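As structure tokens, the structure follows; a few thoughts come after it.
Note that the structure is a prediction, hence the values are computed from the model and not measured. In what follows, chains are A, B, ... by sequence order, proteins preceding strands, each numbered from 1. Computation of the quantities below employed the complete heavy-atom set of this structure, encompassing side-chain atoms and omitting hydrogens, waters and symmetry-equivalent molecules.
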There are 2 protein chains.
Amino acid sequence: MDNFPKASMESMRRVNEITGKQVTTFSMDMLDKDALRDLFKKHKILCVMHFACLKTVEESCYKPLLYYKTNIGGTISLLEVMKEFSVYNMIFSSSAAVYGSPSYLPIDEKHPVGGCINPYGKTKYFIEEILKDNCTAEKQWNVVLLRYFNPVGAHVTGKLGEDPQGIPNNLMPYVSQVAVGRLKELTVYGDNYDTPDETEVRDYIHVVDLAQGHVAALKYLKKDCGCKVFNLGTGKGFSVIDMAKAYESASGKRVPYQIAGRREGDIASCYADASLAEKELGWAVKLDLAKMCEDLWRWQSNNPTGFRPDS
Amino acid sequence: MDNFPKASMESMRRVNEITGKQVTTFSMDMLDKDALRDLFKKHKILCVMHFACLKTVEESCYKPLLYYKTNIGGTISLLEVMKEFSVYNMIFSSSAAVYGSPSYLPIDEKHPVGGCINPYGKTKYFIEEILKDNCTAEKQWNVVLLRYFNPVGAHVTGKLGEDPQGIPNNLMPYVSQVAVGRLKELTVYGDNYDTPDETEVRDYIHVVDLAQGHVAALKYLKKDCGCKVFNLGTGKGFSVIDMAKAYESASGKRVPYQIAGRREGDIASCYADASLAEKELGWAVKLDLAKMCEDLWRWQSNNPTGFRPDS
């Protein structure tokens, strides 16, 4: 289910095409509790994978109420309905944003949480706390919190990928649109960070590896795991310039960039210690940076205007 | 407006009696957005004093969803309706609980927040963050967050006081019910804390001083203050034994007690630096510990079964 505020039904059509299965899809709003109830009434649900959140950092700063209402209010409604229908398994799409500014690297799951600097990050943190408290109070719940680092790439077929509307907020979709000629040049925010090439370092993870992490979590839930938290990252940090260069190699296109000032609240480096997920979930990344860029370029060049015929 | 889950309409009748005014009262639920809208439609509202939260620490631990939904969901609904009707002034009833375990004493407003150990405290902390982010995004808002320490006492007439249902969760109502004979003895949780008499130390504030703090905050809002935070406390710490002894003096009754183990999550000492409220709001406490006990005893002895004819 999705209310499709930014996604396209065309993406679901392609999922069906790739998988050869009909994935039942519901166009509805999580805040509509009656619609949620109706969905739970009509289907036998074993586990909810909860990705339903607004996720644009900048927008969250000027529309905080909308973010708190949608992300937190929506999650509370969802939990209430799950409880009504005795569905007690959830995988929640959390974020490395819950760690705030890292106090050490790589970040493991014992790193302190909170201290988030924008409403988006706070909603992820608050939801984690709500889910943990709910598991503590009611032992029948099993919840896996997956803290994503920086998902990039696309499906290997080049048929499924990220399709941001307007100017992309994340680095790789931006880089990709520069390479394909939709945008003129990349803006690099800050070249005076304490990193090898002085641009920001992040832990980029291939979306297919990320998806596999969810399959592993789904199996793990069967062990009646209670509430567990895992980082989903590669453990490797790459800089903005690293990413632009890797994308140039994969695409054979130039990615010109200009340097601008730092953005408020940005941190120098962030990358995961992902060993817990390997140990407990039996999951590890398989796809490297070159593959992330290669798959993203296939998607971008086959679909220069995303899922829509033209932009 | 109140949905009166624990309060009595009799208390409102007595407010009218004491003040000689008819205070318009609405029995409705903050989560009922249509009812909220109706209220805002029918009345010209200059400022909302927002006290509408579930507040029992222990209950919040076994009903976390109810607490998150009521306190956070209710606040978000209220803010949305306020915005619809261009009401941008709020005084929010926050709590010293947002400080978590103190890292220094006395606690001033610059003390770190978060690290709350129970869902009740987290709801207050989360609401503070939501209100702050909302003020940052929309400059027309003025919000004063009042962080209460430990309110006790009663109105001087002995007609208005706290009337907890069942076994009281807070110290002074408990002490008071022991003194009046409704409960047998006080249980002191922990006598091995690092405090002068080894029992827990808190900052008890007379409810009338606390109420005056709200009047001061209401005047302060007229200055277009944006989002401001103030501690409402006395700056003095008293131990559990101090409080029991003071109440014995005020009531002339014995308050027998037994020592039990510490409660999980309890902290040794907590008291305010209340100098910011004095400087900015021009507010300071006027009523001392003897007066808190005297007024509480007058309420308790005149109303041994609270607002109800018998218990």
Chain A contact via [X] - which portion, at a heavy-atom distance below 4.5 Å:
X        : value
B/Leu79  : both
B/Tyr125 : side chain
B/Lys69  : both

Mind checking the [atom1]-[atom2] spacing from [X] to [Y]? Nearest 0.5 Å is all I need.
X        : Y        : atom1 : atom2 : value
B/Thr75  : A/Ile72  : OG1   : CD1   : 11.0 Å
A/Thr136 : B/Asn118 : OG1   : CG    : 12.0 Å
A/Glu138 : B/Lys63  : CD    : NZ    : 10.5 Å

statement: Note: A/Leu65 and B/Asn134 closest approach over all heavy atoms is CG-OD1, 3.7 Å
statement: Tightest non-hydrogen contact, residues A/Ala137 and B/Cys61, listed as CB-O, 3.3 Å
message: Surrounding CD of A/Glu58 (heavy atoms of other residues, nucleotides or ligands, distance under 6.0 Å), is the total greater than 12?
response: no
task: Go through the side-chain N and O atoms of A/Tyr68 and B/Asp133 and say whether any donor and acceptor fall under 3.5 Å apart.
output: yes
message: I'd like to check B/Phe126 versus A/Glu129 (side-chain heavy atoms, cut-off strictly below 4.5 Å). Are they in contact?
response: yes
message: Please classify the contact of A/Ile130 with chain B as side chain, backbone, both or neither, using a heavy-atom distance under 4.5 Å.
response: both
field: chain B neighbours within residues 31-42 of chain A, where any heavy atom lies under 4.5 Å away
entry: A/Lys33
